[in-house]
Amino acid sequence: AQKVTQAQTEISVVEKEDVTLDCVYETRDTTYYLFWYKQPPSGELVFLIRRNSFDEQNEISGRYSWNFQKSTSSFNFTITASQVVDSAVYFCALRNTGKLIFGQGTTLQVKP
Amino acid sequence: DSGVTQTPKHLITATGQRVTLRCSPRSGDLSVYWYQQSLDQGLQFLIQYYNGEERAKGNILERFSAQQFPDLHSELNLSSLELGDSALYFCASSVGSDYGYTFGSGTRLTVV
């Protein structure tokens, strides 16, 4: 079965702290894609990253970085020096036969 | 603006009624996906259309139906509405199944 687990329901940090959001996935496919989306309080889903299963290189984009480890089926997301504007719900997702399977989401609250 | 347009943004209706949600995909995208986000079920895939044809079905109720028109816009029809159908309904589009997904801003449906 295809499944995405985000065990952290809510995380609260103080501004400028680093925070890591965990994502563990299950799939029998050898080729697959993983995604992270951000859902700010306004409600829209904002695409952050797509990673295919053949590319295990970590990626950094500004204060965001992603650590993909096939051996542990994890695709974790780190925000460095968090800011209040990072407060949102973050979703990890797995592409399965075209559709996305989402985790339950992690609500991140960054306090000033 | 993601390029995916959903209308209306908000909808309040009574139980037993029928509503139609509309989605215009990003220019050039052939695939349209519908997702439901509710508090208890999270983000759930409903249905996918590709160039006018149904491609995949998820946990879509029989009271719900969708179609994609020749101009590639899609409509999601929800009938015999129940309180539990209150949710945020997202449309996403992509060029094909192997590409990234762009989400619209969603339609918030409230059934009273």
Side-chain angles (χ1 to χ4, degrees), chain A residues 1-10 21 23-27 29-55 59 61 64 66 68 75 88-108, chain B residues 1-6 8-11 23 26 29-51 53-60 66 68 86-110:
Chain A
Q2 319 275 351
K3 187 179 177 182
V4 177
T5 302
Q6 295 179 255
Q8 305 150 308
T9 306
E10 291 184 25
L21 309 182
C23 172
V24 174
Y25 62 92
E26 295 176 28
T27 180
D29 295 343
T30 53
T31 302
Y32 51 89
Y33 290 87
L34 295 163
F35 298 76
W36 275 95
Y37 283 87
K38 173 182 179 180
Q39 187 175 38
S42 50
E44 72 272 24
L45 283 167
V46 179
F47 168 79
L48 295 177
I49 190 171
R50 179 182 78 152
R51 175 53 51 89
N52 76 52
S53 54
F54 293 107
D55 183 2
E59 178 146 346
S61 176
Y64 295 171
W66 290 268
F68 176 34
F75 186 41
V89 182
Y90 291 86
F91 291 95
C92 180
L94 169 70
R95 182 176 76 82
N96 168 247
T97 57
K99 65 182 183 289
L100 290 176
I101 297 172
F102 286 88
Q104 288 296 99
T106 297
T107 300
L108 173 64
Chain B
D1 182 6
S2 68
V4 178
T5 304
Q6 287 188 250
K9 291 193 183 306
H10 302 275
L11 198 50
C23 169
R26 201 174 53 166
D29 286 357
L30 300 177
S31 275
V32 170
Y33 308 78
W34 287 97
Y35 289 83
Q36 178 193 58
Q37 184 179 24
S38 59
L39 285 176
D40 54 344
Q41 294 291 325
L43 268 161
Q44 298 284 317
F45 168 72
L46 295 178
I47 197 164
Q48 177 201 357
Y49 279 83
Y50 177 81
N51 203 20
E53 293 189 4
E54 182 183 302
R55 181 62 67 90
K57 239 177 180 177
N59 298 324
I60 187 167
Q68 186 179 28
S86 296
L88 190 52
Y89 291 85
F90 284 104
C91 167
S93 73
S94 69
V95 173
S97 295
D98 292 336
Y99 295 85
Y101 306 80
T102 303
F103 282 81
S105 56
T107 293
R108 184 168 297 280
L109 173 67
T110 303

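These numbers were taken from a predicted model, which means no experiment stands behind them. Numbers restart at 1 for each chain; the letters A, B, ... are given by sequence-line order, proteins then strands.
The nearest pair of heavy atoms linking B/Tyr101 to A/Tyr37 is O-OH, 3.1 Å.
Here the CD-CD1 distance, from B/Gln44 to A/Ile101, works out to 9.5 Å after rounding to the nearest 0.5 Å. The distance from the CD atom of A/Glu44 to the CG atom of B/Leu88 is 10.0 Å, given to the nearest 0.5 Å.
Taking 4.5 Å as the limit, every side-chain heavy atom of A/Val89 sits out of range of all side-chain heavy atoms of B/Gln37.
Annotation: A/Asp55, atom CG; neighbour count of heavy atoms from other residues, nucleotides and ligands within 6.0 Å is above 12. In this structure, A/Arg51 places its CZ atom where more than 12 heavy-atom neighbours from other residues, nucleotides or ligands lie under 6.0 Å away.
For chain A, the nearby parts of B/Leu43 are the backbone and the side chain; heavy atoms of each come within less than 4.5 Å.
For B/Tyr35, the ring-ring contact (aromatic ring centres under 6.0 Å, His included) partners are A/Phe102, B/Phe45, B/Phe103, not counting sequence neighbours. Evaluation of the side chain to side chain contact (heavy atoms under 4.5 Å, CB included) rule for A/Thr27 yields A/Gln2, A/Tyr25, A/Asp29, A/Tyr32, A/Leu94 as partners, not counting sequence neighbours.
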